[in-house]
Amino acid sequence: MSLLAALPVVGSLTTAVLLLVLSRWPRIQKGLALGSNLLLFSIALALLVEVREGGIQVHHLSGWPPPYGIILVADLLSSTLLTVTAGVFLAALVYSLGYMEKESLRLSYLPLFFFLMTGVNGAFLTGDIFNLFVFFEVMLLSTYGLLITWDPKGLISRAEKLEATFKYLILNIIGAAVMLLAIGTLYGTTGTLNMAQLSVRIQTLRAAGVVHIDLIALLFVAVFGLKAAAAPFHFWLPDVYTSAPTPVSAILSGILNKVGAYMMIRLTSLLFVGFEGVSEVILLLGLGTIILGGVMAMGQSDIKRLLAYSSVSQMGFLLLAIGLASGQAIAAAIFFLVSHAIISSMLFLAAGGVTHLTRERSIDRMGGLAGSSPFLAITFLIGIMALAGLPPLNGFISKLLIFQAIIDSGRLLYVLIALIGAFLSIVYNFRAWLDTFWGKTRRTEKRSLSLYLLLPVGFLAAISLLLGIFPEPLVDLVSQVGVQATTPDFYVEAVLGGVT
Amino acid sequence: MVSFLALVIGILFGVAVWAIRHGNTLRIVIGLSILSNTVNLMLIAVGFKGEIAPIIGLEGAPADPLVQALILTAIVIGFGVTAFALVLSYALIKEEGSTEVDAFRRLRG
């Protein structure tokens, strides 16, 4: 029993409710939001240290022991992701305080922001597969609300926003139905919802020759593929990212599609261990996603849409590493996940700064911004260099680890395809930077960005650079995470402690 | 009883898919609502192991109470999402001046 494991969920939920109550006092509300986000960040850090030293932390909700009650489990994988989540949310929160319109910030944006955080933290922590469904719905419902929040700069029309949200809503309702179907079938087959117990029973049933478990696993892959925007399910992503308010797109690409990837890791390394067919499907999805996202990104001229497709392509690399499912590959996947969360959210925030300055979304009509805003030019350059995988940034190390994992698994054709994808990412990323910041100056408007908008971008860029120059601590951490995540025995032992 | 449930689930699923495939905004929302209820029925079928209430002291094979708790949760979530979907489609129809999704052409995918 550990109370610390429950705090990320309870803390963000309490904050969300308090923010609703405090909506008549906007100053106190803003202070509370910032303060509790900082607090949640330090809780996540404390949890990470605690898990690293004291092993996996388990919290039994209401004191009901597993397998009867719902449990929250903080292992190294989830506590690493909790820390990243709190960091990216903090950056996005500071940005929103300067970016969003005051009224919508006060009435709906801030409370929904923390409800979203509750959903994400819960999805990372829960050890019960139905509870995961509930947290997914908390997350999605708050996302719908955040998506239709009016963008104050007036660059995105109301109709576009409504259409994108409607598309996202329909897809996710269907996704929820499929997920419930998969959970129901799994429960009917195994008689449990506890993830540790599922892990044990699925192995037993598979050894006894039950074949339809493979189909259930594929249903889950489809659901989490939709969340992670893997190739055939990616088509909602560009529209949604483009029409969302900038800080929300940063969270969507930085954290929300990582939730799908996180569950894919749990699928291949905890629930359905040793299902080669399933891993092979994830690998193929990854390859398709890399190429499709890369090719589509080449043809985009809208700056946010280009970044959206590049984030599709990068998710492909992540899926490729997850599909390999070895300890080394999962460690590479987690390094990639952490660095991409930082880079892509930073790039979306910087792109928001660019559109704010130019009142323009198309990169064909921009140019020469490097002269008037060198800070944005430098941070954006750091971001695209990291995304393209160039040294000395964290993106280089993450790509290196992934290529190493693929080469070690002996799939040379996959290495070739991934190399093509990495090459494409260099081309479209630099095209975006050159068109925006280099060349002829198109507009000379005297507008400046407030500190609220610059600070988060600088913060994330500094972390990206720091992790690129001193990667050893993170590499150490992710190799531990990789070992722990791919050995289901640790998880099962910590949760059940002998009961099966 | 289980085969009767299976038949109902099949028919409802077909109706839901038919309604979603139709290009009318409201019909899509109704179809999605039917779809989520179909899945709830499927969960009932999973837990349908007997017709006796699961109380200690009653004779016979009890129905599984856990899936009923799951369905209650799923119904509440489905209700909330459907309410949001209706409001969103109302705003969308007013904005676009049409109920047909083929008229919504701003997004490319």
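Each chain gets a letter, A, B and so on, in the order its sequence line appears, and its residues count up from 1.
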What option among B:Leu32, B:Leu35, B:Val46, B:Asp64 has the most heavy-atom pairs under 4.5 Å with chain A?
-> B:Leu32
A:Ile170 versus chain B, heavy atoms under 4.5 Å apart: side chain, backbone, both or neither?
-> both
Examine whether an atom of B:Ser33 lies under 4.5 Å from a heavy atom of chain A, and if so say whether it belongs to the side chain, the backbone or both; otherwise answer neither.
-> neither
Of all heavy-atom pairs between A:Glu137 and B:Val81, which one has the smallest distance, and what is that distance?
-> OE1-CG2, 3.8 Å
Which answer fits B:Leu43, side chain, backbone, both or neither, if we ask what part of it has an atom under 4.5 Å from a heavy atom of chain A?
-> side chain
Is B:Phe79 atom CZ crowded by more than 12 heavy atoms from other residues, nucleotides or ligands, each under 6.0 Å away?
-> no
How long is the span from the CD atom in B:Glu95 to the CD atom in A:Glu163, to the nearest 0.5 Å?
-> 9.5 Å
Pair B:Leu66-A:Tyr68, side chain to side chain contact (heavy atoms under 4.5 Å, CB included): steps then yes or no | CA-CA 10 Å; B:Leu66 182 68; A:Tyr68 309 107; over 6 Å; no
Assert top hit (heavy-atom pairs under 4.5 Å, partner chain A, pool B:Thr82, B:Thr38, B:Ile77, B:Val67) equals B:Ile77
Against chain B, label A:Leu193 side chain, backbone, both or neither, depending on which of its atoms sit under 4.5 Å from a heavy atom there.
-> side chain
Residue part contacting chain B, namely of A:Ile148, when any heavy atom lies under 4.5 Å | side chain
Among A:Gly188, A:Ala177, A:Gly145, residue most engaged with chain B (heavy-atom pairs, under 4.5 Å) = A:Ala177
From A:Leu140 atom CG to B:Phe84 atom CZ, the distance as rounded to the nearest 0.5 Å = 11.0 Å
What are the two closest heavy atoms between A:Leu180 and B:Val39, and how far apart are they?
-> CB-CG1, 3.5 Å
Which bit of A:Leu169 comes within less than 4.5 Å of chain B, counting heavy atoms only: side chain, backbone, both or neither?
-> side chain
Heavy atoms from other residues, nucleotides or ligands near OH of A:Tyr144 exceed 12 (cutoff 6.0 Å) | yes
In this structure, CG of B:Leu92 is separated from CZ of A:Arg158 (nearest 0.5 Å) by 9.5 Å
For the atom pair CE (B:Met42) and CD1 (A:Ile183), what is the distance rounded to the nearest 0.5 Å?
-> 10.0 Å
Please look at B:Ile28 and chain A and tell me whether the side chain, the backbone, both or neither of the residue comes under 4.5 angstrom of a heavy atom of that chain.
-> side chain
Kindly give the heavy-atom pair with the smallest separation between A:Phe166 and B:Val101, and that separation in Å.
-> CE2-CG1, 4.4 Å
Evaluation steps, side chain to side chain contact (heavy atoms under 4.5 Å, CB included), between B:Thr73 and A:Phe130 = CA-CA 10 Å; B:Thr73 317; A:Phe130 187 78; 3.8 Å; yes
